[in-house]
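To start, the structure under review is shown below, and the notes come after it.
Computed from heavy atoms alone, side chains included, the values below leave out hydrogens, waters and symmetry copies.
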Amino acid sequence: MRKGAISRDGVFKAMGEYDELGRDRFLSEYGYKPATGYLLLHEGRTYDSKAIAGVAHKFDQGRALRPDELIGGRSHAARWLARLGFLIRSSRSPDWTRDEIILACELAMANGWKRLEFDDPRVIQLSALLQTMPIHPEELRNELFRNPNGVARKTVDITSRHPDYRGKPTNGNALDVAVMNDFLARPAEMTEVARRIRRGIASGDFQDLPLEVEEEDEYSAPEGRLLLRLHKSRERDKGLRKRKIDAVLRQGQQLACEACGFDFEQVYGNRGSGYIECHHVVPLHEAGEGRTKLSDLALICANCHRMIHRRAPWPTPKELKDVVQSRRNARKRIGIPSQLTDEANQPVVEPS
């Protein structure tokens with residue numbers, strides 16, 4: 001029998017049975033273990049989210065789901081319940097993201113790479129700021145989420161990995177070290193990154209940006225997720241893209257990728273006419289809050305755009321063009337036909 005949808009009514013019935021039997025008997029009856037990740041909150045009571053979702057299935061679909069049929073985390077049981085309007089909370093705080101560690105590193109550097117205490121006003125201020133960052137969804141935030149104790153502990157994890165630290169390092173993670181090394185190598189640049197993150201949070205610039213977690217996993221940006229999302233939102237501004245294309249055409253130039261020379265219309269005909277992607281060439285830590293100039297934009301194909309964003313540091317279109325041309329020249333020297341373009345750097349298209 002396949003799995004089906006659950007309803008609010010089914011969830012309430014499952015919670016009623018949970019209250020009647022008690023937690024231990026309810027979990028034992030259906031073979032579930034106590035929740036370690038997510039809890040359902042309702043009228044001051046907490047419930048094991050995975051077990052409730054599984055038993056709700058009985059009232060809606062005729063049978064309870066076995067524990068091995070239902071993933072307990074955010075990707076399944078908790079998501080089902082949240083979509084039905086129930087309040088879900090994580091029993092543990094989520095891992096720190098690069099954006100959050102950037103702000104913690106900035107504070108640690110300002111303190112001479114020495115740890116800070118939980119009652120330090122700067123720690124309390126950073127705690128309040130982190131709690132407003134639009135990165136972690138509500139269901140991942142518990143009552144201890146980024147509280148001053150947690151923020152102070154993060155400064156300990158960072159400063160105990162500093163090259164000048166002589167004690168035993170704490171159990172931080174590799175991302176703490178990576179971000180700290182970015183600050184040690186480029187303090188002015190990373191301080192500006194932190195300033196732009198703070199300003200974006202205060203102004204609300206990040207609030208309505210799409211999460212795009214899966215796509216972000218394929219990209220690398222030392223400046224973190226929030227500035228990357230803002231960067232990509234600017235690239236998708238249809239008005240800016242149209243103005244850039246119009247400016248190129250008015251100058252009598254070809255609408256081709258500035259990195260590899262690919263021309264969508266030559267390859268795809270009318271379907272590709274007028275199409276090309278827009279890349280914001282100004283580095284994230286330098287991109288101001290003012291109006292984007294057309295000179296800040298480059299027109300590139302989808303492949304080159306993804307290659308630019310794939311790994312930090314991002315090459316400019318000119319730098320990527322040099323890589324592409326170097327590869328083409330190398331292939332010619334050993335007698336291998338180019339897979340992309342002919343001598344004129346244009347796609348090879350057979351006459352129709």
Side-chain angles (χ1 to χ4, degrees), residues 36-38 73-74 89-137 139-198 200-201 206 213 216-229 283-285 310-314:
T36 58
Y38 297 88
R74 182 182 168 208
R89 284 290 181 269
S90 173
S91 60
R92 57 180 179 270
S93 290
D95 293 338
W96 284 62
T97 63
R98 179 178 287 272
D99 302 71
E100 295 170 302
I101 297 174
I102 286 172
L103 297 183
C105 270
E106 179 201 28
L107 179 55
M109 184 175 71
N111 199 49
W113 296 109
K114 294 180 174 59
R115 62 177 292 173
L116 292 99
E117 300 299 330
F118 74 95
D119 55 353
D120 188 303
R122 294 170 297 176
V123 169
I124 296 172
Q125 182 182 48
L126 179 55
S127 170
L129 182 67
L130 293 175
Q131 291 172 6
T132 67
M133 291 182 74
I135 289 183
H136 301 290
E139 65 265 25
L140 295 182
R141 301 169 182 243
N142 59 25
E143 63 277 5
L144 300 178
F145 176 74
R146 302 300 183 256
N147 67 5
N149 279 315
V151 174
R153 173 67 188 190
K154 179 53 69 174
T155 69
V156 173
D157 291 338
I158 292 169
T159 57
S160 71
R161 299 300 185 93
H162 191 275
D164 295 337
Y165 185 75
R166 294 293 174 259
K168 181 179 178 180
T170 61
N171 294 324
N173 59 47
L175 190 54
D176 295 337
V177 178
V179 176
M180 180 189 66
N181 286 337
D182 285 339
F183 270 88
L184 294 176
R186 307 185 304 280
E189 176 184 317
M190 294 306 295
T191 298
E192 180 62 15
V193 169
R195 188 190 74 82
R196 293 199 181 282
I197 291 175
R198 288 175 177 273
I201 296 170
F206 302 135
V213 175
E216 285 170 1
D217 288 343
E218 299 180 12
Y219 293 160
S220 174
E223 297 88 347
R225 295 182 187 179
L226 295 177
L227 291 180
L228 174 59
R229 291 175 192 166
L284 301 187
H285 68 277
R310 189 182 183 201
R311 185 167 56 247
W314 295 347

Kindly determine whether Arg98 and Asp182 satisfy salt bridge (Lys or Arg N to Asp or Glu O under 4.0 Å), including the steps that lead there.
CA-CA 11 Å; Arg98 179 178 287 272; Asp182 285 339; 3.3 Å; yes
Decide yes or no on side chain to side chain contact (heavy atoms under 4.5 Å, CB included) for Arg225 and Leu228, but give the supporting numbers first.
CA-CA 5 Å; Arg225 295 182 187 179; Leu228 174 59; 5.5 Å; no
Mind running salt bridge (Lys or Arg N to Asp or Glu O under 4.0 Å) on Glu100 and Arg146 for me, showing each step along the way?
CA-CA 10 Å; Glu100 295 170 302; Arg146 302 300 183 256; 2.9 Å; yes
Checking side chain to side chain contact (heavy atoms under 4.5 Å, CB included) for the pair Ile201/Met133: CA distance, chi angles, key distance, verdict?
CA-CA 7 Å; Ile201 296 170; Met133 291 182 74; 3.4 Å; yes
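More than 12 heavy-atom neighbours from other residues, nucleotides or ligands sit within 6.0 angstrom of CD on Gln131. Within a 6.0 Å sphere centred on CG of Asp95, other residues, nucleotides and ligands contribute 12 heavy atoms or fewer.
Note that CG of Asn173 is 10.5 Å distant from CH2 of Trp96, once rounded to the nearest 0.5 Å. Atoms OG1 and CG, from Thr132 and Leu130 in turn, are 7.5 Å apart once rounded to the nearest 0.5 Å. Here CE of Met190 is found 11.0 Å from CG of Asn181. Values are rounded to the nearest 0.5 Å. Atom-to-atom distance recorded for Ile101:CD1 and Met180:CE is 11.5 Å, nearest 0.5 angstrom. To the nearest 0.5 Å, atom CZ of residue Phe183 and atom OG1 of residue Thr191 are 5.5 Å apart. For the atom pair CG of Asp157 and CG of Asp176, the computed distance is 5.5 Å after rounding to the nearest 0.5 Å.
Taking 4.5 Å as the limit, some side-chain heavy atom of Pro163 sits within range of a side-chain heavy atom of Leu184. In this structure, the side chains of Met109 and Ile158 stay at 4.5 Å or more apart for every pair of heavy atoms. With a 4.5 Å cut-off on side-chain heavy atoms, Arg186 and Pro222 count as touching.
Exactly one of Leu129, Val193, Val151 qualifies for a side chain to side chain contact (heavy atoms under 4.5 Å, CB included) with Leu103. That residue is Leu129.
Sorted by first then second residue, the side chain to side chain donor-acceptor pair (under 3.5 Å) pairs that include residues 158-168, not counting sequence neighbours, are Ser160-Thr170.
Although no hydrogens or angles enter the test, the distance criterion places a donor-acceptor pair under 3.5 Å between the side chain of Asp99 and the main chain of Leu226.
Nearest heavy atom pair, residue Val123 against residue Pro148, reads CG1-O, 3.5 Å.
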List the atom pairs, donor and acceptor, that lie under 3.5 Å between side-chain atoms in residues 111-119 and the rest of the protein, sequence neighbours left out.
{"unit_1": "Asn111", "atom_1": "OD1", "unit_2": "Arg122", "atom_2": "NH2", "d": "3.0"}
{"unit_1": "Asn111", "atom_1": "ND2", "unit_2": "Lys114", "atom_2": "O", "d": "2.9"}
{"unit_1": "Asn111", "atom_1": "ND2", "unit_2": "Arg115", "atom_2": "O", "d": "3.3"}

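The side chain to side chain donor-acceptor pair (under 3.5 Å) test applied to Glu192 returns Arg195, Arg196, not counting sequence neighbours.
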